Structures are given as structure tokens and as C-alpha cells.
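None of these values were measured; they are calculated from a predicted model.
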Amino acid sequence: GIGAGLLVGFGLRAVAGDVPMSFKSSPDVYKVIAENEHVRVVLATWKPGQKDIAHSHPMAAVYTVKDCHRRIHKADGTVDEKQLKAGTGRINPPVKSHQFENIGQAECQQLLVERKLSGGKQVKSKDAAPPSFKASPELYKVIAENDDMRMVLTVLPPGLKDNMHSHPMTAVFTINDCHARISTSDGKTRRVDNKAGSARINPPVKAHTKQNIGKTECRHVLVELKK
């Protein structure tokens, strides 16, 4: 878990501290659900009263999936308490050794999209189509951003179709079950069915539209890589 007040930057994608990363320290809490050479997608879930083991984080985009009342235990013995509201997001620089404790009465859950040290594939889209949040700003809301990553919350009502747009390399987390039709600029279409709680990392995507063909809202968190 990551908390305000202990954020220390050590470079764009550096790992902070000399303790293991979260998914190695507490694999029962932190589950890696998608990964490539650029990013790691981790879903963290704490039961009421649960406290994880000391760990560190690289730079990470963090989205609160379920309300959290948490206490951070820092390596120097100090603590920090905060209530985090579901649907909020932030992008944190690397974080040194700490422990996260759920002091609430309900399960706490956060999504972490962590930047990794290695480079590799092209992450930017070379398409002329605008990004999603410019093509359909009423459907795609930027909720956190820095020079490296952009977090976008997308809500697509049943039957609605967005405007033609493109994406850079993007980590996608599905908040609720979604059934959609993707139409590309060459006239081709395909159906996509995403299950709540699933994640994937997409390469850059050229011009396309997305239509919700289900009966409920399609809600996703997108973490786009800017470089």
C-alpha cells in the first residue's frame, strides 16, 4: 500500500528502498494480474484489521477500488492515517519501506500499476486519431497524471458508442463486466467481453470506436504510458 507523507522520488522508475517489493513481501495481499517489460499491474486486497509486511514500491499509478481506512507504518516508527475513497486515483513516486494496515471495518482494495526499470517496445501510438479523453471527454476522465503516466476513468453507458480515438500502450483494469464492440477505421469489427477484476496490457491501439452492447455500464481504469 502507498500513503501520502512517505513519498520519496529516486528517479523516474527507480525502486525505492532496500526491502522487497509488495508482491514478494505479502503475496497473500498483492496479486500480480498483468505484466510486461514496461509495467506491472497489481491488485491489493486487505481484510479488516490486516497488516502487510514491510515493502517498497517503484513509481506507481494507484486507484482505490474499494473505500479504505488505512494506517501507514513507516520505517522510522511514525504512522499516518487516512481514509481513501473508492474511485479516486493518484500517481506516486517511488516509496521506501513501510507497512499498510487496514483499520476499517470492511475489505480495502487498491489497484497499482507500477513502472518497471526496463524499456523496449514503442509505447506511443503513431495514429493521427486523438486520444480518448479528447475525442470523448464526457466518457473518458483524466483523474491523475504526471510526465510518465496518465490515469483515465472511462464509463460507457449501455448502447453508447464513443468517438474515433487511439491509445498509447495502456494497462486496462475492468471494474465491472463489460460487453463491447470495437470498430476500426478499416471497417472491421470485433466483440470483446471483459470480466470484472481482470486486467491486461495493450500495445498502442490505432483509430477505433467502442460501443457498449451490454445492459450495464462499462467501467474501466486506463493507465496510459506517455513515454
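- Side-chain atoms of H55 and H98 include a donor-acceptor pair closer than 3.5 Å.
- Remark: of the listed residues R71, R70, K47, R71 is the sole one forming a salt bridge (charged side-chain N to carboxylate O under 4.0 Å, His left out) with E101.
- In the displayed structure, Q105 atom CD is contacted under 6.0 Å by at most 12 heavy atoms of other residues, nucleotides or ligands.
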What's the verdict on side-chain contact (heavy atoms from CB on, under 4.5 Å) for V221 and M151, showing C-alpha distance, side-chain angles and the deciding distance?
CA-CA 7 Å; V221 178; M151 184 185 293; 4.0 Å; yes
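- Atom NZ in K206 sits 15.0 Å away from atom NE2 in H165 (nearest 0.5 Å).
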Which is it for R181 and Q211 under the side-chain contact (heavy atoms from CB on, under 4.5 Å) test, yes or no, and what are the steps along the way?
CA-CA 5 Å; R181 181 182 297 112; Q211 184 177 13; 3.3 Å; yes
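- Each of V32, V29, L111 was scored for a side-chain contact (heavy atoms from CB on, under 4.5 Å) with V42, with one residue passing: V32.
- In this structure, S132 and H167 have side chains that are in contact, with non-hydrogen atoms separated by less than 4.5 Å.
- Other residues sharing the hydrophobic cluster of F133, ordered by chain and number and joined by side-chain separations under 4.5 Å: L139, Y140, V142, V152, L156, L160, V172, L222.
- Here the side chains of D147 and K227 are in contact, with some heavy-atom distance below 4.5 Å.
- Here the side chains of L84 and V62 are not in contact, with every heavy-atom distance at 4.5 Å or above.
- A 4.5 Å side-chain heavy-atom check between K74 and D80 finds at least one atom pair inside the cut-off.
- The two residues I91 and M149 come nearest to each other via the heavy atoms CD1-O, 3.4 Å.
- Side-chain N or O atoms of N176 include one that pairs as donor or acceptor with a backbone N or O of R219 at under 3.5 Å.
- Here the side chain of N102 pairs no donor or acceptor atom with the backbone of G49 at under 3.5 angstrom.
- Scanning both residues, G87 and Y63, for their nearest heavy atoms gives CA-OH, 3.3 Å.
- Looking only at distances, a side-chain donor or acceptor of S56 sits under 3.5 Å from a matching main-chain atom of V19.
- In this structure, CE on M164 lies 10.5 Å from OG on S136, to the nearest 0.5 angstrom.
- M21 contributes atom CE, which lies 13.5 Å from atom OG of S26 (distance to the nearest 0.5 angstrom).
- By the ring-ring contact (aromatic ring centres under 6.0 Å, His included) test, H220 pairs with no residue at all, sequence neighbours left out.
- Counting only residues at least two apart or in different chains, disulfide (SG to SG under 2.5 Å) contacts with residues 180-227 comprise C178-C218.
- Looking only at side-chain heavy atoms (C-beta outward), F23 and R40 come within less than 4.5 Å of each other.
- Across R115 and D148, no two heavy atoms sit closer than the pair NH1-OD2, 2.7 Å.
- Under the 3.5 Å distance criterion, the side-chain polar atoms of N92 are left unmatched by any main-chain donor or acceptor of A60.
- A salt bridge does not link E37 to K116: none of the charged nitrogens lies less than 4.0 Å from a carboxylate oxygen.
- Side-chain atoms of S198 never come within 3.5 Å of backbone atoms of A196 as a donor-acceptor pair (strictly under, hydrogens ignored).
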Yes or no on side-chain contact (heavy atoms from CB on, under 4.5 Å) for Q110 and W46, after CA distance, side-chain angles and deciding distance?
CA-CA 9 Å; Q110 292 190 320; W46 298 264; 3.9 Å; yes
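- Between L112 atom CG and K31 atom NZ the span is 14.5 Å, to the nearest 0.5 Å.
- The hydrophobic cluster containing I143 also contains L43, counting ILVMFWY residues as joined when their side-chain heavy atoms lie under 4.5 angstrom apart, directly or transitively.
- A donor-acceptor pair is defined here as one N or O able to donate and one able to accept, closer than 3.5 Å; no such pair exists between the side chain of S183 and the backbone of T209.
- Residues S25 and P20 share a closest heavy-atom pair of OG-CB, 3.5 Å.
- K210 places none of its side-chain heavy atoms less than 4.5 Å from the side chain of T154.
- Note that the CE atom of M169 and the CG atom of N36 stand 5.5 Å from one another [nearest 0.5 Å].
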Between V41 and I201, is the side-chain contact (heavy atoms from CB on, under 4.5 Å) condition met? List the steps.
CA-CA 8 Å; V41 183; I201 301 170; 4.2 Å; yes
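- Rounded to the nearest 0.5 angstrom, R150 CZ and E145 CD are separated by 4.5 Å.
- K85 has no carboxylate O lying under 4.0 Å from a charged side-chain N of D67, or vice versa, which leaves the two without a salt bridge.
- Enclosure of atom NZ in K226 by more than 12 non-hydrogen atoms of other residues, nucleotides or ligands within 6.0 angstrom is indicated.
- Between E114 and S22, the shortest heavy-atom contact is OE2-OG, 4.1 Å.
- Using a 4.5 Å heavy-atom threshold, the side chains of T170 and P168 count as touching.
- Residues Y30 and T45 fail the side-chain proximity criterion, which asks for heavy atoms closer than 4.5 Å.
- Ion pair K195/D193 not flagged as a salt bridge, since none of the NZ, NE, NH1 or NH2 atoms sits closer than 4.0 Å to an Asp/Glu carboxylate oxygen.
- For the residue pair I213 and R191, the shortest heavy atom distance occurs at CD1-NH1, 3.7 Å.
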